[in-house]
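One structure is given here, and the rest of the page talks about it.
Read the numbers this way: they start at 1 and go in the same order the structure lists the ligands and their atoms.
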Amino acid sequence: PKTIYLKDYKAPDYWVDETQLTFELFEDHALVHSRLALRLNSDLHGDGALPALTLHGQELALLKVVLDERELGEGDYQVDDDSLSLQPADATFALALTTRIEPQNNTALEGLYKSGSMFCTQCEAEGFRKITYYLDRPDVMSRFTTTVIAERERYPVLLSNGNPIASGEHEGGRHWVSWEDPFPKPAYLFALVAGDLCLLQDSFTTMSGREIDLRIYVEPENRTQCDHAMDSLKRSMRWDEEVYGREYDLDIFMIVAVNDFNMGAMENKGLNIFNSSCVLAHQDTATDMAFQRVEAVVAHEYFHNWSGNRVTCRDWFQLSLKEGFTVFRDSEFSADMNSRTVKRIEDVTFLRANQFAEDAGPMAHPVRPDSFIEISNFYTLTVYEKGAEVVRMLHTLLGEEGFRKGTDLYFERHDGQAVTCDDFIKALEDANGADFSQFKRWYSQAGTPRLSVTSEYDASRCEYRLHFNQVCPPTPGQPDKLPQVIPVRMALLDRDGKEMTLRLNGEALGTEAVVSITEAEQTLVFENVPTCPLPSLLRGFSAPVKLSYPYSRDDRVFLAKHDPDGFNRWEAAQGLAVDVLQGLVDIHRAGRPLNLDQRLVDVMRSVITDSELDAAMVAEIIRLPSEAYLVEVAEVADVDAIHFAREWLRRALAVALRDDMAARYQALAAAGAGEFSPSASAMADRSLKNSLLGYLMLTGEQEVLNWCVRQFVEASNMTDRQAALVALVNSPFEQQREAALADFAERWAAYPLVMDQWFSVQAMASQPGALERVQKLMEHPLFTMRNPNKVRALIGAFVNQNLANFHAIDGSGYAFLADRIIELDRSNPQIASRLVTPLSRWRKFDDERQALMREQLSRILAEKLSPDVYEVVSKSLA
Ligand code: BAL
Ligand code: ZN
């Protein structure tokens, strides 16, 4: 397969001013008629010479080509596997095409396909070329008019982008609807839906007083699970007006939920198509986490209407222009709707366990990649989450007001355009008179910088020095890195935990400051520092770096109890837990008995018994770092020792804190009994209660088992029921475990998303024998490899979240995964490619496992592969 480079970007030879599409949908195929108004790009071809027109197209049967009303014969154009070329005779011309496609046989879920009985589309990034021949690139923006024709009985609802303009009946029980989208857009934002759907309808009045018709379409059985998504949509619309001054532009905004979807959701103009897992939420069937995900994804897709649709990407190397910015926007929205600190903790935890691992692995790439084979492989944690961190740093450096001035200018300057990450930065610079030339290295350099800090206090001069050293490790294709701009939000604490006034270079900075570290080595000298302080560094995780400072465990305990900054209190407790766990891993590897550091018990007890502290914060503080994160921070990860040490510590903490945990659990259970509440504080209480239940079950006490079974049976909501199920499935109480699993499966068999949880809970259970269990579950009548959610729920959960079993030293987990990748690549390359990630991390493990993992990667590489899987596997072995 061919590698595509950013440096080779060239504007298109032709523009498509108008795109008229007519879809005739049938049970075994679809006909797509397109009529394009094309125009020479005279900026490139000012001399009037007419280059050939080459349109993208894949897996299409071309039935008809009409150039300016003249039907062309086969000798008049060239077709290959990826394109259609012909020679225009004029600088402006009309091209009409008819293609035949088979959505029913489209298992890759790209382009037009069927999900159950419904037709739907997914065009980003390059799916439109599987619908018809087109200039399928984001810098070609066109006004679309779409007519959908289908059998009325089966497909009463026919949708596309924009506003509905006409509809009517055809003979033979068929009907049609035409949609017109007045905003020029690239083909990746095209969407079509046809199905028998029911509707939840509401409205929103925009800041200028326009009434918007809001519609959520779902299959009839899901009608009662849409209220939360609708509510989230309205709050997102209001928030984008208030925080960014962005108003919605069409008269109608639609969301459609589909069961078979590769991604979470898609921001097609005016017609967002969602994975049902990101729309449906009802307390009986969805956990609080699912509620929060629905809120975040609805917001994310809505925010794309400006950051992505009105202003889009020039080319796919600029993907983070819209994704990094939009993830930043949705995370700020969620922070405003819920607890800001807890949201930040969740995001940082996720980033460090997952994106840092990507940045240290064979697929490491800059936020703006330089090259790719298959763009679908670059919808990554780096482009999305690290991209959002980069935007967050810009926000930190400019402040709220400066950032808003910058985004106002960006939207005003580039409305209706396809632009680059440089254009985004330029708008922020111009609006603020700032210079981000060095900062832009965050877009071009891959890898996670390590920021090492040391300090010294000069009592005689009352000076406190902080020395910063930044190093970014080599990544594929980038052996050497230049220093980046690292904004460090910080404070200095005295012995009472009080923030000192900061004085730097004669300037008073208040008690908290953001200092920019721009050199490889840099020293800050704080003046008038009366006593030796303890620094509180990188507050709120103000830059995506690996910070190290030689904190002792006592320092961390002090910060965990006294830092006025909530995020850094959590960070100190996490740091303590990581340190303790790393120590336990070493002790276990040395064959010595493990011992419990009472300081960790002390920190945990202090938060569990603190009823003033936000319960969600307590839940975060007592959650031990994940095995995935411990693997990430290890030089060579000993998965068995990590699993053993973490499980040992969890049990030891449960035993040591049994009475405090039990008292808090009981109090929370009593407070939460009665009417279900979806409020943030009720969610926080459930989160803590269930975390405590997980610990308490490790004591093995019959009394706790009774509490757990009672919670499972009597739960008023899925959060509590699922938490009890998880605790039972991970317990040694076999009879109760099997009974709960059977009960759950019987009760929820008709709810695919609930059954996804049932599959996941079992796939993640860490007892031995997990692989056999997963293999058996693959034969369950409700499991299918054709549904991405099912693959993620069972296979994905096992290989990503059951490290001890996946990494079994006999290599069985690796062989199982390789088989699944090979199998899935034949039907759905995007999902297959995602599954390669755990194998790609082979360098993290011991020699024996490395060899086993490489053997499976080589076995995959020997197959005939999609470009998607080929790219990840070949780069993993390079
Ligand atoms: N644009 C693909 C889905 C999303 O990031 O919103
Ligand atoms: Zn997005």
Could you list which atoms of ligand 1 come closer than 4.0 Å to a heavy atom of [X]?
X	answer
E124	1 (N), 2 (C)
H304	4 (C), 5 (O), 6 (O)
K322	1 (N)
E301	4 (C), 6 (O)
M263	2 (C), 3 (C)
E267	1 (N), 2 (C), 3 (C), 4 (C), 6 (O)

- Message: Check this for me, if you would: do R238 and E241 make a salt bridge, where the nitrogen-to-carboxylate-oxygen distance has to be below 4.0 angstrom?
- Response: yes
- Message: Under 4.0 Å between a side-chain nitrogen and a carboxylate oxygen: does that hold for R129 and D82?
- Response: no
- Message: What's the separation between atom OG1 in T107 and atom CG in D260, rounded to the nearest 0.5 Å?
- Response: 11.0 Å
- Item | N259 and N787: side chain donor to acceptor below 3.5 Å | no
- Message: Quick one about E295 and N338 (side-chain donor to acceptor, distance below 3.5 Å, no hydrogens or angles considered), yes or no?
- Response: yes
- Query: With a 6.0 Å cut-off on ring centres, are F328 and F424 close enough?
  - Reply: no
- Item | Close aromatic pair by centroid cut-off 6.0 Å: Y244 and F303 | no
- Query: Which residue holds the protein heavy atom closest to atom 5 (O) of ligand 1, what is that atom called, and what is the gap in Å?
  - Reply: Y384 OH, 2.5 Å
- Message: Tell me the protein heavy atom at minimum distance from atom 3 (C) of ligand 1, and give that distance in Å.
- Response: A265 O, 3.1 Å
- Provide the atom name of the closest N, O or S atom of E323 relative to the Zn ion (ligand 2). OE1
- From E267, does some N, O or S atom reach closer than 2.8 Å to the Zn ion (ligand 2)? no
